[in-house]
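Remarks on the structure that follows.
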Amino acid sequence: MLRDFWFVLIGVLWAGFFVLEGFDFGVGMLLPVVGGRAEADRRDVLATIGPVWDGNEVWLLTAGGAMFAAFPEWYASLFSGLYLALFVLLLALIVRGVSLEYRGKVATAAARAWCDRGIVAGGALPALLFGVAFANVVRGLAMTSDHRVTTGFFGLLNPYALLGGVTTVLLFSLHGAVFLALKTGGPPRARARAAARTLAVPTPLALAGFLAWTIELRGGESAAAVAAASVAALLAAVVTFRAGRDGWAFLGTAAATGLLVATWFTALFPDVLPARGEGAGLTVESASSSHYTLTVMTVVALVVTPVVLAYQAWSYWVFRRRILGGGPPVPAGPEAPAGPEAPAGPEAPAGLEAPAGPGTGARAQ
């Protein structure tokens with residue numbers, strides 16, 4: 001019972017990471033498009049994620065830590081086979097974090113341009129690699145009898161996994177574009193809406209094709225139902241966005257992203273890492289920690305998790321207003337969700353917002 005509970009909880013943690021960090025990655029990828037050439041507009045774009053991006057990354061640490069503690073065999077086998085890919089992923093996340101933190105501290109336009117490149121690459125590479133990695137987990141990896149993965153790096157770049165990577169890049173980009181349309185005003189909002197309209201055609205097609213392939217490879221009726229719900233949520237997001245309901249559209253892209261992860265985990269169960277070929281894969285039962293370990297983890301999770309969720313919800317509420325180019329605050333409107341809107345209240349991290357003044361893209365107060 002506890003093994004199944006932790007498998008579901010890890011799925012929830014990964015879904016939370018994809019939903020919250022997904023729009024961060026999308027904002028980073030779209031920085032040159034939505035930010036344009038004006039420095040004030042680029043600062044407005046980055047200010048939308050300034051107060052929250054590092055908090056969203058905590059979901060990655062929590063999901064990885066939960067996998068390590070609850071299913072150590074799963075964690076160890078994944079790192080034995082995906083070591084190089086995960087190294088590139090971590091390097092991209094480091095470059096992204098450094099670029100976001102130091103962009104406002106550098107003294108020259110050339111240095112800011114390099115930071116912008118780091119932000120774009122730090123959004124695109126993780127978006128691609130997470131899709132490739134999870135697709136390979138669902139597809140299965142070649143393993144020895146002691147569950148050491150023997151699939152090489154280039155073996156991970158199979159057509160199904162590459163489609164998974166393209167799908168997550170498109171989905172995160174659309175998620176980020178809708179988020180920017182919800183959180184900005186003026187020229188950045190107009191560019192964000194144009195980007196979202198462009199992405200509204202290929203993204204549902206890629207998601208539907210990838211999920212159909214997923215169900216064909218590994219999935220029953222439950223996984224098929226979750227996959228259909230993911231595609232339906234994305235189509236609903238596109239329709240509501242075209243109707244000017246940015247808040248509902250953001251909820252739709254968030255639901256589609258979370259349901260994509262739910263499809264993966266539903267298709268996997270009761271396996272955690274299927275094997276390709278003659279080797280035996282890892283199951284929830286064979287990969288889990290002892291009952292005592294899971295019991296202690298459950299008690300801690302039940303106490304700590306509500307506190308963490310309440311704090312993060314509060315932080316989104318504090319920074320909920322639109323980012324404006326020096327104008328007055330814009331009301332959220334009835335269509336906007338109560339979650340992430342534009343910042344108001346405490347200052348965003350250094351370097352991610354414009355100095356106050358007309359036309360500088362200052363944060364709405």
Side-chain angles (χ1 to χ4, degrees), residues 6-7 10-11 13-18 21-22 25 57-97 121-169 171-172 210 213-214 217-218 257 260-284 286-289:
W6 275 97
F7 179 79
I10 288 170
L13 291 172
W14 277 112
F17 171 73
F18 269 57
E21 194 73 333
F25 291 149
E57 278 195 352
V58 174
W59 286 77
L60 173 62
L61 302 178
T62 307
M67 288 178 64
F68 172 78
F71 299 98
E73 288 279 347
W74 186 12
Y75 184 91
S77 294
L78 278 177
F79 266 90
S80 71
L82 305 179
Y83 188 85
L84 181 57
L86 292 174
F87 175 80
V88 175
L89 170 64
L90 291 175
L91 182 62
L93 291 175
I94 291 170
V95 169
R96 171 176 174 263
L125 268 179
L128 175 68
L129 292 173
F130 274 117
V132 170
F134 271 95
N136 274 294
V137 170
V138 173
R139 179 175 180 263
L141 299 168
M143 289 186 286
T144 61
S145 58
D146 60 350
H147 302 124
R148 182 175 60 85
V149 173
T150 58
T151 301
F153 176 77
F154 292 102
L156 301 174
L157 305 179
N158 54 80
Y160 170 71
L162 290 175
L163 177 59
V166 170
T167 300
T168 49
V169 168
L171 185 58
F172 289 171
F210 174 66
W213 198 345
T214 300
L217 282 176
R218 188 181 310 279
T257 304
L260 168 63
V261 179
T263 302
W264 285 333
F265 277 78
T266 305
L268 274 175
F269 189 81
D271 293 325
V272 292
L273 186 59
R276 295 186 68 82
E278 299 179 357
L282 284 168
T283 64
V284 169
S286 65
S288 70
S289 294

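Computed from heavy atoms alone, side chains included, the values below leave out hydrogens, waters and symmetry copies.
- By the 30° and 60° cut-offs, the orientation of the rings of Phe134 relative to Phe265 is tilted.
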Item to check | side-chain contact (heavy atoms from CB on, under 4.5 Å) assessment of Met143 paired with Leu273 | outcome: CA-CA 10 Å; Met143 289 186 286; Leu273 186 59; 3.8 Å; yes

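- Put simply, the side chain of Met67 does not reach to within 4.5 Å of the side chain of Leu13, judged on heavy atoms.
- Smallest separation of non-hydrogen atoms from Thr151 and Ala142: OG1-N, 3.0 Å.
- Trp6 meets the side chain to side chain donor-acceptor pair (under 3.5 Å) test with Thr298; sequence neighbours excluded.
- Shown here for Gly281 and Ala275, the closest heavy-atom pair between the two residues is N-CB, 3.5 Å.
- Every residue two or more places apart in sequence or in another chain that forms a side-chain contact (heavy atoms from CB on, under 4.5 Å) with Thr283 is listed here: Asp271, Glu285, Ser286.
- The two atoms that bring Phe172 and Ala127 nearest to each other are CD1-CB, 3.5 Å, heavy atoms only.
- In this structure Trp213 satisfies the side chain to side chain donor-acceptor pair (under 3.5 Å) test with no other residue, sequence neighbours excluded.
- Sorted pairs that involve residues 72-85 and meet side-chain hydrogen bond (donor to acceptor under 3.5 Å, both in side chains), not counting sequence neighbours, are lacking altogether.
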Checklist entry - Which is it for Leu125 and Leu91 under the side-chain contact (heavy atoms from CB on, under 4.5 Å) test, yes or no, and what are the steps along the way? => result CA-CA 10 Å; Leu125 268 179; Leu91 182 62; over 6 Å; no

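- Evaluation of the side-chain hydrogen bond (donor to acceptor under 3.5 Å, both in side chains) test over residues 121-141, restricted to residues two or more places apart or in two chains, returns Asn136-Asn158.
- A distance of 5.5 Å separates CG in Leu89 from CG in Leu129, rounded to the nearest 0.5 Å.
- Legend: side-chain hydrogen bond (donor to acceptor under 3.5 Å, both in side chains) pairs involving residues 84-94, not counting sequence neighbours: none detected.
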Next on the checklist: For Phe71 and Leu282: C-alpha separation, side-chain torsions, deciding distance, then whether side-chain contact (heavy atoms from CB on, under 4.5 Å) applies.
Outcome noted: CA-CA 10 Å; Phe71 299 98; Leu282 284 168; over 6 Å; no

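- Every residue two or more places apart in sequence or in another chain that forms a side-chain contact (heavy atoms from CB on, under 4.5 Å) with Phe269 is listed here: Asp4, Phe7, Val284.
- Considering CG of Leu86 and CG of Leu78, their distance stands at 7.5 Å, rounded to 0.5 Å.
- Contact of the Leu268 side chain with the Val137 side chain is registered, since non-hydrogen atoms from C-beta on lie closer than 4.5 Å.
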Checklist entry - Stepwise, does the side-chain contact (heavy atoms from CB on, under 4.5 Å) test hold for Thr144 with Thr150? => result CA-CA 7 Å; Thr144 61; Thr150 58; 3.5 Å; yes

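- Rounding to the nearest 0.5 angstrom, the gap separating the CG atom in Leu260 from the CZ atom in Phe18 is 7.0 Å.
- Judged by distance alone, the side chain of Arg218 and the main-chain N or O of Val138 form a donor-acceptor pair under 3.5 Å.
- Nearest approach of Leu157 to Leu162, heavy atoms of both residues: O-CD1, 3.6 Å.
- Nearest heavy atom pair, residue Ala121 against residue Pro126, reads O-CD, 3.7 Å.
- In this structure, Thr263 OG1 and Phe210 CZ are separated by 9.0 Å, a value rounded to the nearest 0.5 Å.
- Judged as a side-chain contact (heavy atoms from CB on, under 4.5 Å), and not counting sequence neighbours, the contacts of Leu60 are Trp14, Phe17, Leu93, Phe130.
- Shown here are the side chain to side chain donor-acceptor pair (under 3.5 Å) partners of Tyr160, two or more places apart in sequence or in another chain: Thr214.
- Partners of Ser288 according to the side chain to side chain donor-acceptor pair (under 3.5 Å) rule, which considers only residues two or more places apart in sequence or in another chain, are Arg3.
- For Ala15, the side-chain contact (heavy atoms from CB on, under 4.5 Å) partners are Val261, not counting sequence neighbours.
- The shortest heavy-atom contact between Ala135 and Ala161 is CB-CA, 3.6 Å.
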